[in-house]
Amino acid sequence: MPYPRAYTTQPSLEFMQHTRTLEDLLDTQQKKLSFFQNLLLIAAADGKLQEEESQFLLQVGNRIGLTAKDVQPLADNLGVLSFVVPADGPQKTLELQTLVQMMLQDGDMDTREYDLCLDYARRIGYSKQLLDDMVSQLSGNGPAPNNPPTVS
């Protein structure tokens, strides 16, 4: 699944157009590691790391310039990690989209993965309906009925 570059956020009733890339938003090592940590939590939520999920993690890690040495401490401490919610609005939305992509990688949307995405969505002020719409769109089904598009 291609990585989103342009997206629309809907923090409440306002629509804002953003066209910043992942590389623009993750401009520090700490932001990169926090982002990767969140992806790792979704990938491991169902207790098994599928090949598609491993490949997606590798692809994202390479794209943002993380090495195996950078992410090994995260993998070693997976049991005690929790979500890190970014402060930047555009980063929050892009990160949620990427978490949803991770959830969809193996073609099996596990309840534990979905619940973590929902927890993240709620932490950044998004509704279950917005998350469901994003899942529908990123899985190739288009916007959910009676729900405005959130990803372009």
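The figures here come from the full heavy-atom set of this structure, side chains too, leaving out hydrogens, waters and symmetry mates.
- Remark: Arg123 engages Asp119 in a salt bridge (charged side-chain N to carboxylate O under 4.0 Å, His left out) (not counting sequence neighbours).
- In this structure, a donor-acceptor pair under 3.5 Å is present between the side chains of Ser34 and Gln30.
- Counting only distance, with no hydrogens or angles, the side chain of Asn62 and the backbone of Leu58 share a donor-acceptor pair below 3.5 Å.
- Note that CD1 of Ile42 is 11.5 Å distant from CD of Gln37, once rounded to the nearest 0.5 Å.
- No side-chain heavy atom of Phe36 sits under 4.5 Å from any side-chain heavy atom of Val84.
- Minimum heavy-atom separation, Leu33 to Leu74: O-CD1, 3.7 Å.
- Atom CD of Gln55 and atom CD of Gln50 lie 12.5 Å apart (nearest 0.5 Å).
- At least one side-chain heavy atom of Asp70 sits under 4.5 Å from a side-chain heavy atom of Gln29.
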Practice prompt. Could you give me the CA-CA distance, side-chain angles and deciding distance for Leu116 and Phe83, then say whether side chain to side chain contact (heavy atoms under 4.5 Å, CB included) is met?
Written response: CA-CA 9 Å; Leu116 281 176; Phe83 277 129; 3.8 Å; yes
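- For the atom pair Leu39 CG and Phe56 CZ, the distance stands at 6.0 Å (nearest 0.5 Å).
- Closest approach of Gln105 to Glu52, counting heavy atoms only: O-CB, 3.4 Å.
- In terms of heavy-atom proximity, Leu96 sits nearest to Cys117 at CD1-O, 3.9 Å.
- A heavy-atom distance below 4.5 Å is found between the side chains of Met102 and Leu57.
- Looking at every heavy atom in both residues, Leu78 comes nearest to Ala44 through CD2-CB, 3.3 Å.
- Looking at Gln97 and Leu138, their side chains come closer than 4.5 Å, going by heavy atoms from C-beta outward.
- Under the 3.5 Å distance criterion, the side-chain polar atoms of Asp115 are left unmatched by any main-chain donor or acceptor of Arg112.
- Here Gln91 contributes atom CD and Asp24 contributes atom CG; the two are 11.5 Å apart, rounded to the nearest 0.5 Å.
- Between Asp46 and Thr111, the closest side-chain pair of non-hydrogen atoms is not below 4.5 Å.
- If you take CG on Asp27 and CG on Leu25, they are separated by 8.0 Å, rounding to the nearest 0.5 Å.
- Residues Asp132 and Gln129 form no side-chain contact, since every pair of their non-hydrogen atoms from C-beta on lies 4.5 Å or further apart.
- For the pair Tyr114/Leu131, a side-chain contact is recorded, criterion being any heavy-atom separation below 4.5 Å from C-beta on.
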Fill in: Audit row: Met103, Val135, side chain to side chain contact (heavy atoms under 4.5 Å, CB included) steps and yes/no
CA-CA 9 Å; Met103 177 177 60; Val135 168; 3.6 Å; yes
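- Nearest heavy-atom pair, Leu26 versus Ile64, reported as atom, atom and distance to 0.1 Å: CD1-CG2, 3.8 Å.
- Across Ser82 and Leu41, no two heavy atoms sit closer than the pair C-CD1, 3.5 Å.
- For Lys92 (side chain) and Ile124 (main-chain N/O), no donor-acceptor pair under 3.5 Å exists by modelled atom type.
- Side-chain contact check for Asp133 versus Gln137: some heavy-atom pair is nearer than 4.5 Å.
- In this structure, the separation between CD on Gln72 and OG1 on Thr67 is 10.0 Å, given to the nearest 0.5 Å.
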